[in-house]
Amino acid sequence: MLHVSDFSLRHTIESGQPLTFYSRYSNHAGTEHLAYVTSEGEINLSLKGDRLSYRFNGNYTQKTAKNEVISRLGLDDNLPDIYRQINTDIFMAGAIKGFYGMRITKNDPWEASLCFVISQFNNLKRIRGIIGNMVSEFGEDLGGTKLFPSAQALASADLSSIRACGTGFRDKYVKSVAEQFAFSFDKRKPYKMGYEDAKEKLMELDGIGDKVADCILLFGYNKLDAFPIDTWVKRVMERVYFNGRKRTIKRLHKFALDRWPKSYLGYAQQYIFWRGRENNIG
DNA sequence: ACCCAGGCGGGCG
DNA sequence: CGCCCGCATGGG
């Protein structure tokens with residue numbers, strides 16, 4: 001058990017991050033539950049008030065499970081300090097108030113990559129469905145629960161069976177990215193690279209462009225200086241900061257860099273995204 | 001029926 | 001560089 005503060009499991013889980021797509025979340029009588037699987041085993045969380053307890057199996061020990069939970073849910077980020085630094089205006093203040101405790105999750109780079117390749121020109125409900133189909137179709141069976149599908153499994157699958165999961169035209173991107181993660185791309189490298197170099201590296205992959213690369217860097221490599229701009233973030237920023245005028249992605253990136261601390265850009269983005277989407281602003 | 005969704009690659013000027 | 005297009009699929 002550990003005590004947590006400034007933490008909302010619901011906002012963290014529901015806000016379009018990889019865990020949104022492959023975890024089970026529920027709330028019974030004021031106690032929230034979250035279950036998900038990693039290559040090391042299953043994690044089961046319960047949150048009541050500020051008490052976060054966790055159960056685990058597989059290779060986890062008390063210590064490694066605790067580290068997994070803290071790191072995965074972003075509990076090691078200093079949220080009060082982040083809020084102080086990104087709270088530059090009324091819109092951000094509203095986002096912080098409305099979604100207080102929402103954190104950036106830290107996920108496996110391959111898992112983040114697959115989720116965000118699927119996300120292109122898509123919506124949250126369908127992404128969740130497609131990832132779910134892929135887990136049951138291609139995930140290794142652990143006797144009851146299934147693992148997130150490996151890059152190797154998808155690399156050796158044929159296009160039609162990938163497409164049968166509902167990917168649509170993204171089938172070729174899924175296979176291509178899976179092949180590279182399985183055979184040539186060293187997913188450990190970007191951890192040691194700066195944001196710019198790592199992004200350039202990721203964008204060499206077919207099917208990974210500017211926005212998806214930023215998502216992978218933010219949610220997969222824990223690079224909080226990434227600022228993904230999707231249709232929601234673009235529209236909201238144009239409306240809130242540019243009086244409704246159209247702006248290029250490049251210019252919006254520059255605006256963000258000038259306005260918020262580089263090391264917290266990812267958090268600023270996540271609050272813009274989720275308030276924009278949940279309040280249907282834009 | 002119509003519109004949109006956590007975009008990308010390719011082609012054009 | 002900026003702009004435009006086609007791309008599958010399902011829900012509002």
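A note on names: the letters A, B, ... follow the listed sequences, proteins ahead of strands, and every chain is numbered from 1.
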Without decimals, in angstroms, what is the distance between [X] [atom1] and [N] [atom2]?
| X | N | atom1 | atom2 | answer |
| --- | --- | --- | --- | --- |
| A/Ile118 | C/dT9 | CD1 | P | 12 Å |
| A/Ile127 | B/dC8 | CD1 | P | 12 Å |
| A/His253 | B/dG7 | NE2 | P | 13 Å |
| A/Asp210 | C/dC1 | CG | P | 10 Å |
| A/Lys211 | B/dG9 | NZ | C1' | 17 Å |
| A/Phe169 | B/dC8 | CZ | P | 10 Å |
| A/Lys172 | B/dG9 | NZ | C1' | 9 Å |
| A/Ile249 | C/dC3 | CD1 | P | 11 Å |

When the nearest nucleotide of DNA chain C is assigned to A/Lys125 and to A/Gln120 on a heavy-atom basis, which residue is associated with the more 5' position? A/Gln120
Out of curiosity, [X] [atom1] to [Y] [atom2], how far, rounded to the nearest 0.5 Å?
| X | Y | atom1 | atom2 | answer |
| --- | --- | --- | --- | --- |
| A/Asp210 | A/His253 | CG | NE2 | 5.5 Å |
| A/Met237 | A/Arg251 | CE | CZ | 11.0 Å |
| A/Met92 | A/Tyr83 | CE | OH | 9.5 Å |
| A/Phe219 | A/Glu111 | CZ | CD | 14.5 Å |

Heavy atoms under 4.0 Å, any strand shown: does [X] hit a base, just sugar-phosphate, or nothing?
| X | answer |
| --- | --- |
| A/Gly16 | base |
| A/Ile208 | sugar-phosphate |
| A/Ser176 | nothing |
| A/Phe219 | base |
| A/Leu205 | sugar-phosphate |
| A/Asp171 | nothing |

Between C/dG2, B/dC8, B/dG9, which nucleotide has the shortest distance from any of its atoms to the side chain of A/Asp206? B/dG9
Nearest to the side chain of A/Thr248, heavy atoms from C-beta on, is which of B/dG9, B/dG7, C/dC3? C/dC3
Would you say that A/Phe116 contacts A/Lys211 through its side chain, given a criterion of any heavy-atom pair below 4.5 Å between the two side chains? yes
Got a sec? Which of residues 150-168 of chain A come in under 4.0 Å of DNA chain C, heavy atoms? A/Arg163, A/Gly168
Here's a test of your reading of the structure: between A/Gly207 and A/Asp230, which maps to the more 5' nucleotide of DNA chain B? A/Asp230
Are [X] and [Y] close enough for a salt bridge, meaning some N to O gap below 4.0 Å?
| X | Y | answer |
| --- | --- | --- |
| A/Asp206 | A/Lys172 | no |
| A/Lys254 | A/Asp258 | yes |
| A/Asp77 | A/Lys106 | yes |

Report yes or no: do A/Leu142 and A/Trp110 belong to one cluster of Ile/Leu/Val/Met/Phe/Trp/Tyr joined by side chain heavy-atom distances under 4.5 Å? no
Tabulate atom names and distances for all N/O pairs under 3.5 angstrom spanning the protein and nucleotides 2-5 of chain B.
| unit_1 | atom_1 | unit_2 | atom_2 | d |
| --- | --- | --- | --- | --- |
| B/dA5 | OP1 | A/Arg235 | NH1 | 2.8 |
| B/dA5 | OP1 | A/Arg235 | NH2 | 2.9 |
| B/dA5 | O3' | A/Asn122 | O | 2.6 |

Applying side-chain hydrogen bond (donor to acceptor under 3.5 Å, both in side chains), which residue pairs with at least one partner in residues 88-102 of chain A are found, sequence neighbours left out? A/Asp6-A/Tyr100, A/Thr88-A/Arg259, A/Thr88-A/Trp260, A/Asp89-A/Tyr241, A/Asp89-A/Arg259
